[in-house]
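Please read the structure below before turning to the comments.
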Amino acid sequence: MKNNRFWIIAFAVLLCVSALAWWFISYGNSGTEKIAKIYKAGQLLYTIDLNKVDESYEITVGDKQYNTILVENGRISITSASCPDQYCVHQGSISGGGLPLVCLPNQLIIKIETTSDDDVDIVSY
Amino acid sequence: MKAKQITTMALLTAIALGLYFLEAQLPAIVPIPGVKPGLANIITLFSLYMLGRRDTFFVLIARILLASLFAGHLMSLLYSLSGGLLCYGVMLILFPLVTEKQVWAISICGAIAHNIGQLITAALVMGTWSIIAYLPVLMISAVLTGLLTGICAQVVISRLKNVFIK
(Lines give C-alpha, C1' and ligand atoms only; values in the text may rest on other atoms or scores of the structure.)
Protein backbone atom coordinates (compact mmCIF):
# COMPACT_ATOMS: atom_id res chain seq x y z
CA MET A 1 0.00 0.00 0.00
CA LYS A 2 3.02 2.19 0.16
CA ASN A 3 3.13 3.16 -3.46
CA ASN A 4 0.83 5.41 -5.41
CA ARG A 5 0.16 2.95 -8.20
CA PHE A 6 -1.83 0.62 -5.95
CA TRP A 7 -4.14 3.43 -4.92
CA ILE A 8 -4.50 4.88 -8.40
CA ILE A 9 -5.64 1.50 -9.71
CA ALA A 10 -7.94 0.92 -6.75
CA PHE A 11 -9.70 4.25 -7.14
CA ALA A 12 -9.90 3.95 -10.91
CA VAL A 13 -11.63 0.59 -10.47
CA LEU A 14 -13.97 2.11 -7.90
CA LEU A 15 -14.84 4.93 -10.28
CA CYS A 16 -15.61 2.54 -13.15
CA VAL A 17 -17.70 0.22 -11.01
CA SER A 18 -19.60 3.16 -9.55
CA ALA A 19 -20.28 4.69 -12.95
CA LEU A 20 -21.62 1.36 -14.20
CA ALA A 21 -23.72 0.84 -11.11
CA TRP A 22 -25.15 4.32 -11.35
CA TRP A 23 -26.10 3.88 -14.97
CA PHE A 24 -27.72 0.58 -14.18
CA ILE A 25 -29.67 1.93 -11.23
CA SER A 26 -30.94 4.96 -13.09
CA TYR A 27 -31.88 3.33 -16.36
CA GLY A 28 -31.90 -0.40 -15.82
CA ASN A 29 -35.30 -0.68 -14.19
CA SER A 30 -38.15 -0.87 -16.62
CA GLY A 31 -41.22 -2.59 -15.40
CA THR A 32 -44.66 -1.37 -16.34
CA GLU A 33 -45.91 -1.21 -12.77
CA LYS A 34 -45.27 2.11 -11.10
CA ILE A 35 -46.08 2.12 -7.42
CA ALA A 36 -44.90 5.25 -5.69
CA LYS A 37 -44.29 5.06 -1.95
CA ILE A 38 -43.95 8.14 0.19
CA TYR A 39 -42.14 7.81 3.50
CA LYS A 40 -41.97 10.49 6.17
CA ALA A 41 -39.77 10.06 9.23
CA GLY A 42 -39.59 6.33 8.70
CA GLN A 43 -43.32 5.83 8.26
CA LEU A 44 -44.89 4.79 4.99
CA LEU A 45 -47.61 7.38 4.44
CA TYR A 46 -48.89 6.84 0.92
CA THR A 47 -48.83 4.13 -1.70
CA ILE A 48 -49.91 5.39 -5.10
CA ASP A 49 -50.24 3.54 -8.37
CA LEU A 50 -48.99 6.13 -10.82
CA ASN A 51 -50.42 4.33 -13.80
CA LYS A 52 -53.92 4.78 -12.46
CA VAL A 53 -53.67 8.53 -11.99
CA ASP A 54 -56.09 10.29 -14.34
CA GLU A 55 -55.79 13.85 -13.22
CA SER A 56 -52.72 15.27 -11.55
CA TYR A 57 -53.09 16.31 -7.96
CA GLU A 58 -50.97 17.55 -5.13
CA ILE A 59 -50.27 16.13 -1.71
CA THR A 60 -48.73 18.19 1.06
CA VAL A 61 -46.81 16.20 3.64
CA GLY A 62 -45.98 17.79 6.97
CA ASP A 63 -47.00 21.24 8.18
CA LYS A 64 -44.14 23.39 9.37
CA GLN A 65 -41.63 21.13 7.66
CA TYR A 66 -43.58 20.45 4.52
CA ASN A 67 -43.10 19.09 1.04
CA THR A 68 -45.66 19.55 -1.71
CA ILE A 69 -45.74 16.55 -4.01
CA LEU A 70 -47.18 16.62 -7.51
CA VAL A 71 -48.68 13.28 -8.52
CA GLU A 72 -49.15 12.83 -12.25
CA ASN A 73 -49.81 9.89 -14.51
CA GLY A 74 -46.59 7.93 -14.53
CA ARG A 75 -44.57 10.61 -12.73
CA ILE A 76 -44.11 12.11 -9.31
CA SER A 77 -42.13 15.12 -8.21
CA ILE A 78 -41.69 17.57 -5.35
CA THR A 79 -42.76 21.07 -6.35
CA SER A 80 -42.09 23.02 -3.19
CA ALA A 81 -40.66 22.44 0.24
CA SER A 82 -39.71 24.16 3.47
CA CYS A 83 -36.16 22.90 3.55
CA PRO A 84 -33.30 25.40 3.28
CA ASP A 85 -31.36 23.68 0.52
CA GLN A 86 -34.26 22.78 -1.82
CA TYR A 87 -32.43 19.78 -3.22
CA CYS A 88 -35.68 17.84 -3.36
CA VAL A 89 -37.33 20.43 -5.58
CA HIS A 90 -34.35 20.49 -7.94
CA GLN A 91 -34.25 16.74 -8.25
CA GLY A 92 -37.12 16.97 -10.70
CA SER A 93 -39.51 14.12 -11.29
CA ILE A 94 -39.01 10.40 -11.23
CA SER A 95 -40.97 7.95 -13.33
CA GLY A 96 -39.28 4.71 -12.51
CA GLY A 97 -35.70 3.67 -12.10
CA GLY A 98 -33.95 3.08 -8.83
CA LEU A 99 -33.22 6.63 -7.70
CA PRO A 100 -35.64 8.02 -5.10
CA LEU A 101 -36.55 11.62 -4.39
CA VAL A 102 -35.20 12.66 -1.00
CA CYS A 103 -35.59 15.58 1.32
CA LEU A 104 -33.20 14.85 4.17
CA PRO A 105 -34.09 17.82 6.40
CA ASN A 106 -37.77 16.87 6.28
CA GLN A 107 -37.03 13.15 6.44
CA LEU A 108 -39.04 12.51 3.29
CA ILE A 109 -38.29 9.90 0.67
CA ILE A 110 -40.32 8.95 -2.38
CA LYS A 111 -39.49 5.84 -4.33
CA ILE A 112 -41.08 4.01 -7.20
CA GLU A 113 -41.38 0.28 -7.24
CA THR A 114 -41.84 -1.38 -10.56
CA THR A 115 -43.22 -4.59 -9.17
CA SER A 116 -45.85 -4.90 -6.54
CA ASP A 117 -48.17 -7.53 -5.23
CA ASP A 118 -51.08 -5.42 -4.16
CA ASP A 119 -53.33 -3.68 -6.62
CA VAL A 120 -54.56 -0.68 -4.71
CA ASP A 121 -54.85 2.74 -6.29
CA ILE A 122 -54.03 4.85 -3.29
CA VAL A 123 -53.64 3.95 0.32
CA SER A 124 -52.94 6.27 3.19
CA TYR A 125 -51.89 5.09 6.58
CA MET B 1 -2.08 19.94 28.40
CA LYS B 2 0.27 22.74 27.54
CA ALA B 3 -1.10 26.13 26.62
CA LYS B 4 0.59 26.04 23.24
CA GLN B 5 -1.00 22.71 22.45
CA ILE B 6 -4.46 23.94 23.39
CA THR B 7 -3.99 27.06 21.33
CA THR B 8 -2.88 25.09 18.31
CA MET B 9 -5.86 22.79 18.58
CA ALA B 10 -8.20 25.74 18.98
CA LEU B 11 -6.68 27.43 15.96
CA LEU B 12 -7.12 24.31 13.82
CA THR B 13 -10.70 23.95 15.03
CA ALA B 14 -11.39 27.54 14.04
CA ILE B 15 -9.89 27.05 10.60
CA ALA B 16 -11.89 23.87 10.10
CA LEU B 17 -15.07 25.69 11.12
CA GLY B 18 -14.28 28.53 8.76
CA LEU B 19 -13.72 26.13 5.87
CA TYR B 20 -16.92 24.27 6.70
CA PHE B 21 -19.02 27.41 6.61
CA LEU B 22 -17.25 28.76 3.57
CA GLU B 23 -18.18 25.74 1.53
CA ALA B 24 -21.73 25.87 2.88
CA GLN B 25 -22.08 29.17 1.04
CA LEU B 26 -21.09 27.62 -2.27
CA PRO B 27 -24.02 26.61 -4.50
CA ALA B 28 -24.41 22.89 -4.90
CA ILE B 29 -23.21 21.34 -8.13
CA VAL B 30 -25.86 18.63 -8.11
CA PRO B 31 -29.01 18.44 -5.98
CA ILE B 32 -27.76 15.35 -4.21
CA PRO B 33 -27.22 15.56 -0.46
CA GLY B 34 -23.68 14.73 0.52
CA VAL B 35 -21.90 15.93 -2.60
CA LYS B 36 -19.66 18.66 -1.27
CA PRO B 37 -15.97 19.60 -1.28
CA GLY B 38 -15.34 18.52 2.30
CA LEU B 39 -12.61 21.11 2.85
CA ALA B 40 -12.65 20.69 6.62
CA ASN B 41 -11.08 17.28 6.12
CA ILE B 42 -7.86 19.02 5.10
CA ILE B 43 -7.56 20.14 8.69
CA THR B 44 -8.33 16.70 10.08
CA LEU B 45 -5.62 15.18 7.92
CA PHE B 46 -3.11 17.90 8.72
CA SER B 47 -3.83 17.51 12.41
CA LEU B 48 -3.49 13.73 12.20
CA TYR B 49 0.03 14.05 10.82
CA MET B 50 1.12 17.00 12.93
CA LEU B 51 -0.64 16.61 16.27
CA GLY B 52 -1.38 12.94 16.50
CA ARG B 53 -4.46 10.84 17.03
CA ARG B 54 -5.84 12.05 20.32
CA ASP B 55 -5.62 15.76 19.65
CA THR B 56 -7.09 15.29 16.19
CA PHE B 57 -10.06 13.54 17.74
CA PHE B 58 -10.74 16.55 19.95
CA VAL B 59 -10.36 18.98 17.10
CA LEU B 60 -12.79 16.91 15.04
CA ILE B 61 -15.42 16.61 17.77
CA ALA B 62 -15.13 20.28 18.68
CA ARG B 63 -15.57 21.32 15.06
CA ILE B 64 -18.59 19.05 14.53
CA LEU B 65 -20.31 20.18 17.73
CA LEU B 66 -19.71 23.86 17.10
CA ALA B 67 -20.75 23.66 13.45
CA SER B 68 -24.04 21.98 14.37
CA LEU B 69 -24.58 24.50 17.14
CA PHE B 70 -24.17 27.40 14.72
CA ALA B 71 -26.19 25.72 11.98
CA GLY B 72 -29.02 25.09 14.39
CA HIS B 73 -30.29 21.69 13.28
CA LEU B 74 -30.12 18.58 15.37
CA MET B 75 -30.23 16.43 12.25
CA SER B 76 -27.05 17.94 10.91
CA LEU B 77 -25.29 16.93 14.12
CA LEU B 78 -26.31 13.32 13.57
CA TYR B 79 -25.09 13.25 10.00
CA SER B 80 -21.88 15.14 10.75
CA LEU B 81 -21.01 12.86 13.64
CA SER B 82 -21.62 9.63 11.78
CA GLY B 83 -19.75 10.79 8.70
CA GLY B 84 -16.96 12.47 10.62
CA LEU B 85 -16.31 9.63 13.04
CA LEU B 86 -16.27 6.94 10.38
CA CYS B 87 -13.96 9.13 8.28
CA TYR B 88 -11.64 9.67 11.25
CA GLY B 89 -11.65 5.98 12.13
CA VAL B 90 -10.74 4.87 8.62
CA MET B 91 -8.00 7.48 8.26
CA LEU B 92 -6.68 6.57 11.69
CA ILE B 93 -6.28 2.94 10.72
CA LEU B 94 -4.79 3.58 7.31
CA PHE B 95 -2.36 6.40 7.85
CA PRO B 96 0.37 4.41 9.63
CA LEU B 97 0.33 1.97 6.73
CA VAL B 98 1.29 4.44 4.04
CA THR B 99 3.99 7.00 3.45
CA GLU B 100 3.58 10.75 3.28
CA LYS B 101 3.22 10.50 -0.47
CA GLN B 102 -0.11 8.76 -0.02
CA VAL B 103 -1.91 11.41 2.01
CA TRP B 104 -4.13 12.00 -1.01
CA ALA B 105 -5.19 8.32 -0.90
CA ILE B 106 -5.98 8.50 2.81
CA SER B 107 -8.08 11.54 2.11
CA ILE B 108 -10.11 9.68 -0.50
CA CYS B 109 -10.60 6.73 1.84
CA GLY B 110 -11.78 9.16 4.50
CA ALA B 111 -14.17 10.80 2.06
CA ILE B 112 -15.56 7.40 1.05
CA ALA B 113 -16.04 6.46 4.69
CA HIS B 114 -17.69 9.79 5.41
CA ASN B 115 -20.24 9.34 2.65
CA ILE B 116 -20.97 5.75 3.63
CA GLY B 117 -21.50 6.82 7.23
CA GLN B 118 -23.94 9.54 6.20
CA LEU B 119 -25.76 7.23 3.79
CA ILE B 120 -26.30 4.61 6.48
CA THR B 121 -27.57 7.28 8.86
CA ALA B 122 -29.95 8.57 6.20
CA ALA B 123 -31.28 5.08 5.57
CA LEU B 124 -31.92 4.57 9.28
CA VAL B 125 -33.63 7.94 9.61
CA MET B 126 -35.76 7.43 6.50
CA GLY B 127 -36.85 3.96 7.46
CA THR B 128 -36.00 2.49 4.08
CA TRP B 129 -32.80 1.35 2.43
CA SER B 130 -33.83 2.78 -0.94
CA ILE B 131 -31.51 5.72 -0.45
CA ILE B 132 -28.60 3.33 -1.00
CA ALA B 133 -29.34 3.95 -4.67
CA TYR B 134 -27.22 7.07 -4.24
CA LEU B 135 -24.15 5.09 -3.21
CA PRO B 136 -22.50 5.03 -6.66
CA VAL B 137 -22.75 8.76 -7.26
CA LEU B 138 -21.55 9.44 -3.71
CA MET B 139 -18.55 7.19 -4.28
CA ILE B 140 -17.63 9.11 -7.41
CA SER B 141 -18.01 12.35 -5.52
CA ALA B 142 -15.89 11.00 -2.66
CA VAL B 143 -13.04 10.01 -4.96
CA LEU B 144 -13.00 13.39 -6.71
CA THR B 145 -13.43 15.64 -3.70
CA GLY B 146 -11.16 13.43 -1.59
CA LEU B 147 -8.47 13.80 -4.21
CA LEU B 148 -8.79 17.58 -4.19
CA THR B 149 -8.63 17.96 -0.43
CA GLY B 150 -6.01 15.22 -0.18
CA ILE B 151 -3.64 16.98 -2.50
CA CYS B 152 -4.10 20.20 -0.53
CA ALA B 153 -3.39 18.41 2.74
CA GLN B 154 -0.39 16.59 1.32
CA VAL B 155 1.20 19.78 0.05
CA VAL B 156 0.59 21.63 3.31
CA ILE B 157 1.94 18.76 5.39
CA SER B 158 5.08 18.42 3.31
CA ARG B 159 5.77 22.15 3.43
CA LEU B 160 5.07 22.65 7.11
CA LYS B 161 6.34 19.47 8.69
CA ASN B 162 9.79 20.86 9.29
CA VAL B 163 8.65 24.15 10.73
CA PHE B 164 5.55 23.12 12.64
CA ILE B 165 6.39 22.76 16.29
CA LYS B 166 3.80 21.12 18.46
Side-chain angles (χ1 to χ4, degrees), chain A residues 1-26 28-29 36-45 65 77-78 81 83-92 94 97-113, chain B residues 24 26-36 71-76 78-79 93-109 111-112 115 118-119 121-144 146-147 150 154:
Chain A
M1 284 202 274
K2 286 195 201 271
N3 62 19
N4 280 338
R5 209 156 48 112
F6 165 82
W7 292 105
I8 293 178
I9 295 177
F11 294 134
V13 167
L14 179 64
L15 276 177
C16 290
V17 169
S18 297
L20 275 171
W22 185 14
W23 183 90
F24 201 68
I25 288 178
S26 306
N29 245 346
K37 293 196 170 170
I38 303 177
Y39 293 78
K40 168 100 178 172
Q43 306 280 358
L44 174 61
L45 285 189
Q65 290 186 295
S77 56
I78 298 177
C83 53
D85 47 37
Q86 299 279 301
Y87 282 167
C88 46
V89 179
H90 292 130
Q91 279 169 10
I94 51 172
L99 288 178
L101 294 171
V102 288
C103 183
L104 285 188
N106 292 345
Q107 298 174 53
L108 182 84
I109 182 169
I110 305 174
K111 61 174 186 174
I112 293 184
E113 287 176 0
Chain B
L26 298 174
I29 293 194
V30 287
I32 297 173
V35 175
K36 57 181 192 126
H73 304 125
L74 194 62
M75 293 298 298
S76 72
L78 194 63
Y79 285 110
I93 295 173
L94 287 179
F95 98 99
L97 305 176
V98 298
T99 72
E100 277 169 13
K101 292 213 181 291
Q102 276 85 50
V103 173
W104 66 277
I106 302 298
S107 171
I108 296 181
C109 293
I112 290 174
N115 283 353
Q118 293 197 317
L119 203 60
T121 306
L124 292 174
V125 164
M126 295 293 195
T128 166
W129 290 101
S130 304
I131 198 165
I132 299 284
Y134 283 112
L135 183 67
V137 62
L138 285 180
M139 288 296 101
I140 296 175
S141 162
V143 171
L144 297 174
L147 182 65
Q154 187 163 325

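Quantities reported herein were computed from a predicted structural model and do not represent experimental measurements. Note on naming: letters A, B, ... go to the chains in the order of the sequence lines (proteins, then strands), and numbering restarts at 1 for each one.
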message: For the backbone of A/Ala36 and the side chain of A/Glu113, can you confirm whether one donor and one acceptor N or O come within less than 3.5 Å of each other?
response: no
- request: Would you please test B/Gln102 and B/Thr99 for side chain to side chain donor-acceptor pair (under 3.5 Å) and show each step?
  value: CA-CA 6 Å; B/Gln102 276 85 50; B/Thr99 72; 2.7 Å; yes
field: B/Ile112 versus chain A, the contacting section by heavy-atom distance below 4.5 Å
entry: side chain
- request: Would you mind checking which part of A/Lys111 comes under 4.5 Å of any heavy atom in chain B, side chain (CB onward), backbone (N, CA, C, O), both or neither?
  value: side chain
message: With chain A as the partner, which of B/Leu97, B/Leu135, B/Leu94 has the greatest number of non-hydrogen pairs under 4.5 Å?
response: B/Leu97
message: More than 12 heavy atoms of other residues, nucleotides or ligands under 6.0 Å from CH2 of A/Trp7: yes or no?
response: yes
field: Side chain, backbone, both or neither of B/Met126 within contact of chain A (heavy atoms, under 4.5 Å)
entry: both
- prompt: Which residues pass the side-chain hydrogen bond (donor to acceptor under 3.5 Å, both in side chains) test with B/Glu100, sequence neighbours left out?
  reply: B/Lys161
- prompt: Contact part of A/Leu108 toward chain B, heavy-atom cut-off under 4.5 Å: side chain, backbone, both or neither?
  reply: backbone
query: For B/Thr128, is it the side chain, the backbone, both or neither that has a heavy atom under 4.5 Å from a heavy atom of chain A?
result: side chain
query: For the side chain of B/Asn115 and the backbone of B/Gln118, is there at least one donor-acceptor N/O pair under 3.5 Å apart?
result: no
message: Please rank A/Phe11, A/Trp23, A/Tyr39 by heavy-atom pairs under 4.5 Å with chain B and give me the top one.
response: A/Phe11
- line: Checked A/Asn4, A/Leu104, A/Val17 vs chain B; the most non-hydrogen pairs under 4.5 Å come from A/Asn4
- line: So, the part of A/Cys88 with a heavy atom under 4.5 Å from chain B: the answer is neither
Interchain contact, B/Val143 with chain A, by part (heavy-atom threshold 4.5 Å): side chain
message: Under 4.5 Å from any heavy atom of chain B, what part of A/Ala21 do you find: side chain, backbone, both or neither?
response: both
message: A/Gln91: which residues meet the side-chain hydrogen bond (donor to acceptor under 3.5 Å, both in side chains) condition with it, sequence neighbours left out?
response: none
message: For the interface with chain A, which of B/Cys109, B/Pro136, B/Gly127 has the highest count of heavy-atom pairs at distances below 4.5 Å?
response: B/Pro136
message: Could you check whether any side-chain N or O of A/Gln65 sits under 3.5 Å from a backbone N or O of A/Asn106, counting only pairs where one atom can act as donor and the other as acceptor?
response: no
field: Heavy-atom contact with chain B under 4.5 Å, split by part of A/Leu14
entry: side chain
